Amino acid sequence: MWPWLAQLGQNRGGFYTYDWVENLAGVEIHSVDTVEPELQIRSVGDDVNLAPEVVLSVVHLEDEHHLVLGGAVALDGTGAGAPYDFTWAFVLQPRTEGSTRLVVHERYGTSPTGPRCSWSRSRW
């Protein structure tokens, strides 16, 4: 499962859904159907695009275990003056019967100048 997770992103292997659904918003996503070594996330600091102008960075990475993306997300896609701070975590948990559980956690925070919202927060 890890090689597929490690190539997640609009600028990489896509999001593994129906491309036509992803592209209803015009975000140019094309999911691959094979593992491609050149698309793999390699280290902290690598960029992972959600859309052409919406970029998160790898903030924590442990091969075969977890990937955490984070960054400021602005409604206009620029990141400038972004009202939201976003963290997206993917954790692989081996199970005793030989399967693997994928846990996905999203955290949205607001900046002091952004809209005032009450969001559930948790620490990674």
Side-chain angles (χ1 to χ4, degrees):
M1 183 182 291
W2 180 257
W4 293 97
L5 185 59
Q7 65 184 26
L8 184 74
Q10 181 269 340
N11 59 325
R12 298 175 183 279
F15 294 102
Y16 313 119
T17 63
Y18 296 106
D19 288 352
W20 68 270
V21 173
E22 299 282 1
N23 291 309
L24 287 174
V27 292
E28 302 174 33
I29 293 175
H30 306 285
S31 296
V32 298
D33 58 4
T34 60
V35 172
E36 304 290 338
E38 67 275 7
L39 299 177
Q40 298 289 297
I41 294 166
R42 305 258 182 238
S43 61
V44 170
D46 284 357
D47 286 339
V48 175
N49 291 37
L50 301 181
E53 301 295 322
V54 181
V55 181
L56 298 176
S57 294
V58 176
V59 295
H60 207 289
L61 175 68
E62 184 179 321
D63 284 349
E64 305 292 331
H65 186 259
H66 62 262
L67 167 66
V68 182
L69 308 173
V73 177
L75 299 179
D76 64 2
T78 65
Y84 301 105
D85 179 46
F86 178 59
T87 304
W88 200 9
F90 302 86
V91 179
L92 298 178
Q93 296 177 333
R95 309 283 298 238
T96 56
E97 70 277 3
S99 65
T100 301
R101 179 177 185 211
L102 171 62
V103 178
V104 180
H105 179 80
E106 297 177 7
R107 183 194 60 83
Y108 299 83
T110 57
S111 72
T113 59
R116 304 303 292 176
C117 300
S118 177
W119 296 97
S120 173
R121 292 181 178 232
S122 64
R123 289 183 52 145
W124 173 249

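Note that the structure is a prediction, hence the values are computed from the model and not measured.
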How many angstroms lie between atom CG of Leu67 and atom CD of Glu64, to the nearest 0.5 angstrom?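 If we round to the nearest 0.5 Å, Leu67:CG and Glu64:CD are 12.0 Å apart.
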Let me confirm one number: the NE2-CG distance from His60 to Leu69, rounded to the nearest 0.5 Å.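 If we round to the nearest 0.5 Å, His60:NE2 and Leu69:CG are 12.5 Å apart.
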With sequence neighbours excluded, residues passing side-chain hydrogen bond (donor to acceptor under 3.5 Å, both in side chains) with Thr17: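 Residues passing side-chain hydrogen bond (donor to acceptor under 3.5 Å, both in side chains) with Thr17: Glu22.
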For residues 4-13, which side-chain donor-acceptor pairs fall under 3.5 Å, sequence neighbours excluded?
from, atom 1, to, atom 2, distance (Å)
Gln7, OE1, Glu36, N, 2.9
Gln7, OE1, Gln40, NE2, 3.0
Gln7, NE2, Tyr16, OH, 3.4
Gln7, NE2, Thr34, O, 3.1
Gln10, NE2, Val27, O, 3.4
Gln10, NE2, Glu28, O, 3.1
Asn11, OD1, Asn49, N, 2.9
Asn11, ND2, Asp47, O, 3.4
Asn11, ND2, Asn49, OD1, 3.4
Arg12, NE, Asp47, O, 3.3
Arg12, NH1, Leu39, O, 3.0
Arg12, NH1, Gln40, O, 3.3
Arg12, NH2, Asp47, O, 2.9

Show your working on side-chain contact (heavy atoms from CB on, under 4.5 Å) between Leu50 and Phe15 and close with a plain yes or no. CA-CA 9 Å; Leu50 301 181; Phe15 294 102; 4.1 Å; yes
Listed by chain and number, what are the side chain to side chain contact (heavy atoms under 4.5 Å, CB included) partners of Ser43, not counting sequence neighbours?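 Result, side chain to side chain contact (heavy atoms under 4.5 Å, CB included) vs Ser43: Asp46.
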Answer with yes or no whether the hydrophobic clustering places Val21 together with Val54; edges join I, L, V, M, F, W, Y residues whose side-chain heavy atoms lie under 4.5 Å apart.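 Each belongs to a different hydrophobic cluster.
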Would a hydrophobic clustering, with Ile, Leu, Val, Met, Phe, Trp and Tyr connected at side-chain separations under 4.5 Å, put Trp20 with Val32?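 No; tracing contacts between hydrophobic side chains, which count when under 4.5 Å, never links both residues.
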Step by step, would you call His65 with Val91 a side-chain contact (heavy atoms from CB on, under 4.5 Å)? CA-CA 6 Å; His65 186 259; Val91 179; 4.3 Å; yes
Considering all heavy atoms, the nearest Leu92-Trp2 contact: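 Answer, listing the atom of Leu92 first, then Trp2: CD1-CE3, 3.7 Å.
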